[in-house]
Amino acid sequence: MDLRLTEEQRQIADSVGELLANASDSASMRRAAFDHGGFDAALWAQLGELGVCGINLPEAQGGLGLGVTELVLVAEEFGRRLACVPWLESAVLAGTAIASLGDDAVAARWLPPLASGERIVTLDIGLLECAPLAVRRSAAGWQLDGVLPAIPAAMAASSLLVPVQVDGERLLVIVALDATGMARRERANLDATRPIAEVRLTAVRVDESACLARGATVDRALDRSRQLAAVVLASEQVGVAQQCLDLTVAHLAQRVQFGKPLATFQALKHRCAQMMVDLELARSAVLGAARELDGGPDEGRRLRLTTMARSLADDAARYCTQEAIQLHGGVGFTWEYDPHLYFKRAQAARSWLGTPAEWRERFAHALLDEAAQ
Amino acid sequence: MDLRLTEEQRQIADSVGELLANASDSASMRRAAFDHGGFDAALWAQLGELGVCGINLPEAQGGLGLGVTELVLVAEEFGRRLACVPWLESAVLAGTAIASLGDDAVAARWLPPLASGERIVTLDIGLLECAPLAVRRSAAGWQLDGVLPAIPAAMAASSLLVPVQVDGERLLVIVALDATGMARRERANLDATRPIAEVRLTAVRVDESACLARGATVDRALDRSRQLAAVVLASEQVGVAQQCLDLTVAHLAQRVQFGKPLATFQALKHRCAQMMVDLELARSAVLGAARELDGGPDEGRRLRLTTMARSLADDAARYCTQEAIQLHGGVGFTWEYDPHLYFKRAQAARSWLGTPAEWRERFAHALLDEAAQ
Amino acid sequence: MTDRDHDAFRAEVRTWMQEHLRGEFAPLAGCGGLGDSRYDPKLAKRWEQELARGGWVGVGWPKEHGGRALPLSQQVVFHEEYVRAGGPGRLGHIGETLLAPTLMAFGTPPQQQRFLPGILAGTEYWAQGYSEPNAGSDLANVQTRARLEGDSWVIDGQKTWTSWAHESDWIFVVARCEAGSQRHRGLVMLLVPLRQPGVTIRPIRQITGDSEFNEVFFAGARTEASLHLGAPGEGWKVAMALLGFERGVSTLGQQAGFEREMECLVEVARRNGAARDPLMRQRIAHAAVALDALRCNALRVLAQGDEAEGAPVTREAYIAKYVWSNWRRDFGRLAADVLGAAATLPDDDPLAQKLRQVWLFSRSDTIYAGTNEIQLNLIAERALGMPR
Amino acid sequence: MTDRDHDAFRAEVRTWMQEHLRGEFAPLAGCGGLGDSRYDPKLAKRWEQELARGGWVGVGWPKEHGGRALPLSQQVVFHEEYVRAGGPGRLGHIGETLLAPTLMAFGTPPQQQRFLPGILAGTEYWAQGYSEPNAGSDLANVQTRARLEGDSWVIDGQKTWTSWAHESDWIFVVARCEAGSQRHRGLVMLLVPLRQPGVTIRPIRQITGDSEFNEVFFAGARTEASLHLGAPGEGWKVAMALLGFERGVSTLGQQAGFEREMECLVEVARRNGAARDPLMRQRIAHAAVALDALRCNALRVLAQGDEAEGAPVTREAYIAKYVWSNWRRDFGRLAADVLGAAATLPDDDPLAQKLRQVWLFSRSDTIYAGTNEIQLNLIAERALGMPR
């Protein structure tokens, strides 16, 4: 396996990195997070122009037709800047889910506006437990009722992908978030960089044409999308860890105590070194997983790779966000300094798309249990 | 709860501490461990004279009639010096088991020689899984056959307590280790300070008079003894941790690198400080558990206290033995320096009398499960 | 003092609490104090006065200063039962347990007569002025200046991490009174009224979104010339003695507060199913027994204290701050993991809300009042005798 | 080099190994080398000669020195397949991967002609003489002395932690050749025959009970005047360059060895029921994927290497030693926990025996070749640019 990056891969990472370093610096990111409901529409438009909303989507549907490696390189920059855009939700999760249905007509209809960033699509990732939606057949299709308590990016998005169960069959439907009977309410969220809303459906009508897939295809596509997104999320966590390390090293270099910079104290240096160890190993894991996923490995291998990326990146984000607060000292737990934003984001990310422990248990089943052999 | 120690308690700890500092210093301990099968007979005799083999046994049977606090104070010294004597096995485990049967005649017959140290009694603590002994009724009692793969102190002991199952009833029998049909074989043991032997029983005859108890009393007494011994073992682990810290601090003070003593390097100082933190907290846990156990708390409370002592002491021993090797540098993993002996002992102790994780799961059941309320 | 005597005293505290922590004070029950957004400081002051009327302020103070001179073991019982009964965080804590013992040790009789009664009655509140922006861990790097001008000390400078400054009447301030002096030398400990034009208080917004701490700015602030504690120039000695009083008996009250948080976590874990997960079970069980161990450690510290005033600091005392703060930080993280996605998504459940607050607020525990790093330095150098 | 080319080469290695690691060499299959008590050095030397005949020694050396000049990616394939096929620890490792590149960089043509062929043929073995009793982490504190006497260097002093000294023919020694010089200055790198009266080798008994390392005493030991590598006085430069060669392609072989250990652990856990314990499952799964991550990290290092000779050390390269050694130390502890009581009670099971050896031997991994502490210093100062 060759882990060298191509010139194009570096370029896409650098260009997104540079864009975000300016457009999503601490002040801009805080403005978007706290004053604009966690959505930076201007930034999203710029990303759309760069093609970043369709990195791994087919060129035929306006995507860039690139691979997982490009996704994770870009994701690291998003994590590093806590960019307030629904990229993971729309470009990665919804986009991959739709593309994985293997239905050209569906792809042709839904992917181009998604890949350009014009349309933001989100989906239910099951953050909080809830009752399934009630579905009734109606003349032109179905009628949906119920509450989805925690849908990411639902305020910024225009459409929502929902799997539903009708007469024992799985359907994947897409619903406009401003359709009659849809009500959205933004939830209070300690991780303000990744907004989440409650979506309430009251007698919402869904046409036959809004059904994108049926049967086993639905869960296969959703699983595929969640698994890919889990690796992408891991890369975001690496970005989170990296920014925490950079902030900390910079702080220690300038803060003087006992007559010398804190950066000269060996115990603090060792802690920074440990942060770098954790995050570089996680970065290696994410890059390795991405590269191998690009080759289309079998299901068992995908499970192992996803578990690797998710486990190592979670370890790194957990340690680095903790140490960033600690090593900043008193200012480390103030609102004004950034470490707490990363700390909250890292914690929130643990519950997304399967916790690291859940991935490990699934992998352990494959590795250890006779029945799984 | 008052954690002050009485003058008498300090005295007993100090006198055992002084005895062991001389009689079980590194050279003596190594001689006993490697040249004398892990048993220092002379030291055992001295301990017997001091009364240490019957600390918590009734005065009526030659014991000192003291409590758990005295036991743990003394145990810490044993752990600290890795003293090669079957104190935990005979004085604590077997002694407490027999005393807990509540049978005056049995106590009067078996405890006095045990409390004086004249007779060493051991028992099966189930270190390795094995088939139960086969028991057949015979004219005068029973006949036992089978293999007990890992009996601690079996070479030094003269008697073995074994619970057996006959016709659906539990019996606790005591067998002379040199009886006809008994064969002992010392096992290779990486923790040479706590020798273990295989005991093979071939048509061993056991009289009615060797049956010390029947029915529920048997397991009640054995459980009681194992639980108490688990706290005592935790205190040994604190002693292990303490010695590792002392050795390490002394080594760092004298070893010069880069022109100054290693003890001046902040990163190493913090690691030593963390060792002390872990072990002092563990010591507090052990002392607190012992003091409360002296008051005879109910079963739920005993479970919680034992879990506390075992968990914290295991954490401390694990960390301190690891760091002792690491911070000694190159010599840390040589045979000549002591840290490896403590490291091996700490690992071996994890499997004794229930692992810390097993204790936590039992306690979690009581704490968390509705059925247990 | 036998266990039986303690039982009677325990019952007395319990009864008093049941009879008084009700009615207007009911909303305070179970409030944590610092870091708890439900805590109403105005009501908390009336509660302090209620406690004072009950004779529960200064229970350990000597009788000549109006205290009850209870032995340490009974003070422990009081603090434990206070918290178990849902007693809220103590707004008078800094005055009662930090300043008062220092006043008794270093204050002049007029100073004692002037300040101790207000503390004892719950009518005057104190804040502390130690840390500065450039003197965090390095406490001796004091830059706040004080000079005598006629019958007043005039103070210029800035203190930070001052809890409850906006609710307090007075602040004790370590300031440099000898121009050009270095580090520990040339300092003075001053008692300064907070409500005056020369003092500005600015809240610091924390990780929780609330403001539990403040910056306090002194611009020509004044206090009477006689209000220095100990001799001018010897402020460091006084300041260190004062910090020494912090490791006190009230930790048992804090412990009881942690036990409430633990119960809260167990309840949430049972409800949301986390209690069925084998890994969570291990972590919860470990946290619960480690908390018990903290209590044992605190009791070990107190066992020493009852015996020997002024004895050297014991090893168990050296680790006390480090172990409780790190326990609570780990507990906070466990609480967040037990909550799962609900950790960052507030809802109406008050138990979950409490756990969220602990999760975030506990991040400051390992930093304030001596960071982890300072604690480890002290342990290595003082308890283990390793060279600087 | 495409993946397809690699597949063909991979098959070639695999076939060769299957055909040659059999017969008299069968007992070596699966032996770990250092720390593995089953390893027979005499047989291992014959195996090195077998490898040499197959053209598998010096696969990365340039052709002018008799190597095959394979690109890095193929060298990786060779090392991976070698270990997967059960290839034993390489006794020729130090000569082939440490000394030889240094000889090529600093040696004179006569030196190269004299020593490279013996290494390439598996007929001459090398040991290293760096550490001294007072120069562990502080490598520059060299006290071994060398002086020119006529046509010989005469060496006095002591080296330690020398692996396989008793099986080697030569040793390279860093010695102080300028009396009174300090630290990095005044050193020389000498090539010294081990089999001579002035050299005494004393095994150091390790935690495992075996002796994988040695002390080497020099008392008037001699070597020819021409056998200094690089100029006398510039030994430090040569020594550092030599250590730089250590972070090489053979880590992938080491990685494959760890994978075998992991398989062994999985097998034992399944047999003894540890695999059913939810906590063990988590730890095993974590160890397995962390091992995969080590491989990814090594591949990242190598991806750089193929591109730019002499490029600055990358961040992934800085962490390499630290991550593998700490992974293995943790793995050793996990192995002991999986074994339970059997960790300290040897039995006949070869898998359990292998795990026990890893458990103990891995304790040295975080110490030799740069302790954890030295690694973290380097990472902080060089990779993160923090001040000394």
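Residue numbers begin at 1 in each chain, while the letters A, B, ... track the order of the sequences. Everything quoted here is computed from the prediction, not taken from an experiment.
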*Donor-acceptor pair between C/R329 and C/S362 side chains, under 3.5 angstrom*: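 C/S362 and C/R329 do not have a side-chain donor-acceptor pair below 3.5 Å.
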Toward chain C, the part of [X] with a non-hydrogen atom under 4.5 Å:
| X | value |
| --- | --- |
| A/I196 | side chain |
| A/R271 | side chain |
| A/Q322 | both |
| A/A150 | side chain |
| A/L262 | neither |

Given the side-chain rings of [X] and [Y], with only the six-membered ring counted for Trp, is the space between their centroids under 6.0 Å?
| X | Y | answer |
| --- | --- | --- |
| A/F363 | A/W359 | no |
| C/Y322 | C/W327 | no |
| C/W161 | C/Y130 | no |

_Residues in residues 350-358 of chain A that sit under 4.5 Å from chain C, counting heavy atoms only_ =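 When heavy atoms of chain C are the reference, residues 350-358 of chain A contributes A/R350, A/S351, A/A357 within the under-4.5 Å range.
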Heavy-atom distances under 4.5 Å only: say whether [X] touches chain A with side chain, backbone, both or neither.
| X | value |
| --- | --- |
| C/L376 | neither |
| C/D337 | both |
| C/N141 | neither |
| C/A140 | neither |
| C/I374 | side chain |

*Would a 4.5 Å heavy-atom cut-off, applied to side chains only, mark A/V240 and A/R80 as touching?*
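No - every pair of side-chain heavy atoms lies 4.5 Å or more apart.
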*Is the count of non-hydrogen atoms from other residues, nucleotides or ligands lying under 6.0 Å from C/R205 atom CZ greater than 12?*
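Atom CZ in C/R205 is crowded, with more than 12 foreign heavy atoms closer than 6.0 Å.
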*Between A/R200 and A/E198, is there a salt bridge with N-O shorter than 4.0 Å?*
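Result for this pair is yes, salt bridge flagged.
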